[in-house]
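Protein chains get the first letters and strands the later ones, always in sequence-line order, with residue 1 at the start of each.
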Protein chains: 2
Amino acid sequence: MDALKSKVQSKYDEFSKGLKMVAKHFLANPEAFAMNSGVQVGQEINVSETTVIRFSHALGYSGYSALQKDVQEQLLNKKSSLFEFHHMKNSTDMDQEFSKKMMVKDAEVILQTAERLNVEDFTKAVDHLARSERVLVSGVRSSHAMAQWFSFTLDLMRGNVRLFRPDTDDIMLRISEMNEGSTFVAFSFHRYALETINMAKEAKRQGAFVIGITDSEVAPIREHADILFTVQLPIKSTLDVAPAVFSLMNAIVGAVAVKNSEQFAKRTKVYEELQLNRFFGE
Amino acid sequence: MDALKSKVQSKYDEFSKGLKMVAKHFLANPEAFAMNSGVQVGQEINVSETTVIRFSHALGYSGYSALQKDVQEQLLNKKSSLFEFHHMKNSTDMDQEFSKKMMVKDAEVILQTAERLNVEDFTKAVDHLARSERVLVSGVRSSHAMAQWFSFTLDLMRGNVRLFRPDTDDIMLRISEMNEGSTFVAFSFHRYALETINMAKEAKRQGAFVIGITDSEVAPIREHADILFTVQLPIKSTLDVAPAVFSLMNAIVGAVAVKNSEQFAKRTKVYEELQLNRFFGE
DNA sequence: ATTATAATGAAGTTTATTCTTTTTTTCAAC
DNA sequence: GTTGAAAAAAAGAATAAACTTCATTATAAT
């Protein structure tokens, strides 16, 4: 399989626009080629069957059927070799075990978080985030990445979202901009930086709606939050909450996008059109 | 697969002579059923196509096509393991459905990413990240949160990790610090900001080891990366890759921590002791 | 702007596959 | 050995897939 894949990778640059789309899809999901007909594959990627066949030709096959046969064989061989791999327990694939195990754990934490999520709170939070005039997001140190992603993504969606930047922003100024039409989102995780907590307190005093995202139901931020989302790890876990928090944020942002779908479509269109070639590759 | 196989086994005694032959062959070599047409399967076991079709009927399928599709799916375990577990039928609430669905999808993407992860690459990357004198991390715009988290966390672990800051850092200066003992980590996701790509190119030219984290096997960063990790979403998905990327990073950082465990323990101890009460709550 | 070149998808043709119907074979009972 | 029931094969019809051609559209070069 890898041989075929790297062949596709190496030829990728010579391909036309349509072929590139097919190639990308092939690399991402070769199973689709093994199991479906040419038309089906084409439909899935919005390309004509003809282009799929041309892709086969470009790789040196006589047609789609030939490519499909080859993919099928390689895929099934890989399966069996992977199966063998699982059985040998020597030390070299400890790492495989390790990475996989950790990621499975992350997935489990996400499911558990989803399970525990309070629907009412979720709906209310989404509602405020969609409607608020202004949104201010804060999170420092270990929580800063979360705050950054959340504000960046939400700003794409609805605008008027601001990330508090501890290095350059003035706390008092930012806080003074908060009022009844504002929402403040605080990311406060273990060690619970006082900066964020105090901001939440002040924001609330100014009448803003405060959403707290944290790792414990008794975290200090709870006092100042109208809504509290908690992402909890299994005890004694060395995991990081980040994957689960991002999944939660993803759901929130997605829900906001759905709620404001027309506004969202307009904004992203404008954003896409703005892109200048000299800033981006491909 | 096992379910289907044992069904065949249990019905075996009731079968006619011809069907028994087909059943035997099916148990021995189900791949043939996944990949070949009815006639071909028949020929291989000296039985008519009709008998193969009858075999499909005997198992309760509408015809050979239906059997084949099922076998294909089971062999490539297209059926996601999670979907089986989390059949959410209980909730009537649309919002609950929504948030949960999104998060379940995130979990699935993580599992798939774990599945596809190349062990060798993972080991090699961890090795470099643990041993390198210096590590430089870059990611702008939508990738910036990832870069921030990764550099922050890895820096806690081993030190000498630097995040490239587009607003204040000088590209040339940062690049010129790279050499054979350095590792450069590039987060390059859709729209593929040129800044990161060019930095990777230059870093490589300076002899640094380059690790690319991206969303496609043909993303532009691939040319300049010694190791490429791809986190792919199912096509047509409106999801964000962030949760899966964070899970991958989590695994990487975790592996580095294990590798450098004594160093890591010392560093975090120092860090913990440093904390002054007036910075943190509780 | 104009032309030449290449890429694309719609429509049409051919080939392959599945499924149904009909005929033939098998085999046991008499 | 004939007969009849049951199963398999062969033939045929219907369907679906793969491939080809060609007109249209996009891209690049002048």
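Stacking of B:Lys20 on the aromatic ring of B:Tyr12 is recorded, both the 6.0 Å distance cut-off and the 45° axial limit being met.
Taking 4.0 Å as the cut-off between side-chain N and carboxylate O, A:Glu14 and A:Lys11 do not count as a salt-bridged pair.
Under a cut-off of 6.0 angstrom, the local environment of NZ in B:Lys24 is sparse, with at most 12 non-hydrogen atoms contributed by other residues, nucleotides or ligands. The environment of CD in B:Glu120 is sparse: at most 12 heavy-atom neighbours from other residues, nucleotides or ligands sit within 6.0 Å. Atom CZ of B:Arg116 has more than 12 heavy atoms from other residues, nucleotides or ligands within 6.0 Å. No more than 12 heavy-atom neighbours from other residues, nucleotides or ligands sit within 6.0 angstrom of NZ on B:Lys124.
The distance between atom CD of B:Glu14 and atom C1' of D:dA6, rounded to the nearest whole Å, is 16 Å. Remark: P of D:dA18 and CD of A:Gln43 are 12 Å apart, rounded to the nearest angstrom. Per the geometry, CE belonging to A:Met21 stands 10 Å off P belonging to C:dT8, to the nearest Å. The distance from atom CG of A:Leu19 to atom P of C:dA7 is 8 Å, rounded to the nearest whole Å. What separates CD1 of A:Ile45 from P of C:dG9 is a distance of 10 Å, to the nearest Å. The CD-P distance, from B:Glu49 to C:dA16, rounds to 14 Å in whole Å. Nucleotide D:dA17 holds its P atom 10 Å from the CG atom of A:Asn36, rounded to whole Å.
Using a 3.5 Å distance cut-off with no hydrogens or angles, the side chains of B:Asn179 and B:Ser182 do pair a donor with an acceptor.
Residues B:Phe122 and B:Ile252 meet the side-chain proximity criterion, which asks for heavy atoms closer than 4.5 Å. Side-chain atoms of A:Met157 and A:Asn260, non-hydrogen and from C-beta on, never get closer than 4.5 Å to each other. Taking the side chain as every heavy atom from C-beta outward, B:Glu195 and B:Ile171 approach each other to under 4.5 Å.
Evaluation of atom-type donor-acceptor distances gives a pair under 3.5 Å for the side chain of B:Thr50 against the base of D:dA10.
Pairs of Watson-Crick or G-U wobble type, with distances under 3.5 Å, assemble into runs of 3 or more in DNA chain C at these ranges: C:1-30 with D:1-30.
Here B:Phe26 and B:Phe55 bring their ring centres to under 6.0 angstrom of each other.
Applying the 4.0 Å criterion to OP1 and OP2 of D:dA16, one finds that A:Ser37 has every side-chain N and O outside that range. At C:dG9, one or more side-chain N or O atoms of A:Ser48 fall inside 4.0 Å of OP1 or OP2 (strictly under the cut-off).
Contacts with DNA chain D (heavy atom under 4.0 Å) in residues 52-69 of chain B: B:Arg54, listed by number.
Annotation: side-chain hydrogen bond (donor to acceptor under 3.5 Å, both in side chains) contacts involving residues 52-66 of chain A, sequence neighbours excluded, comprise A:Tyr61-A:Asp70.
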N/O contacts under 3.5 Å, protein versus nucleotides 3-5 of chain D?
none

Dump the pairs, protein N or O against N or O of nucleotides 23-28 of chain C, anything under 3.5 Å, distances to one decimal.
residue: C:dC27; atom: OP1; partner: B:Lys17; partner atom: NZ; Å: 3.1

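Under the 3.5 Å distance criterion, the side-chain polar atoms of A:Lys5 are matched with a main-chain donor or acceptor of A:Leu27.
Residues meeting the side-chain hydrogen bond (donor to acceptor under 3.5 Å, both in side chains) test with B:Asn198, sequence neighbours left out: none.
Taking the side chain of B:Gln40 as heavy atoms from C-beta on, and the options C:dT8, C:dT17, C:dG9, the nearest nucleotide is C:dT17.
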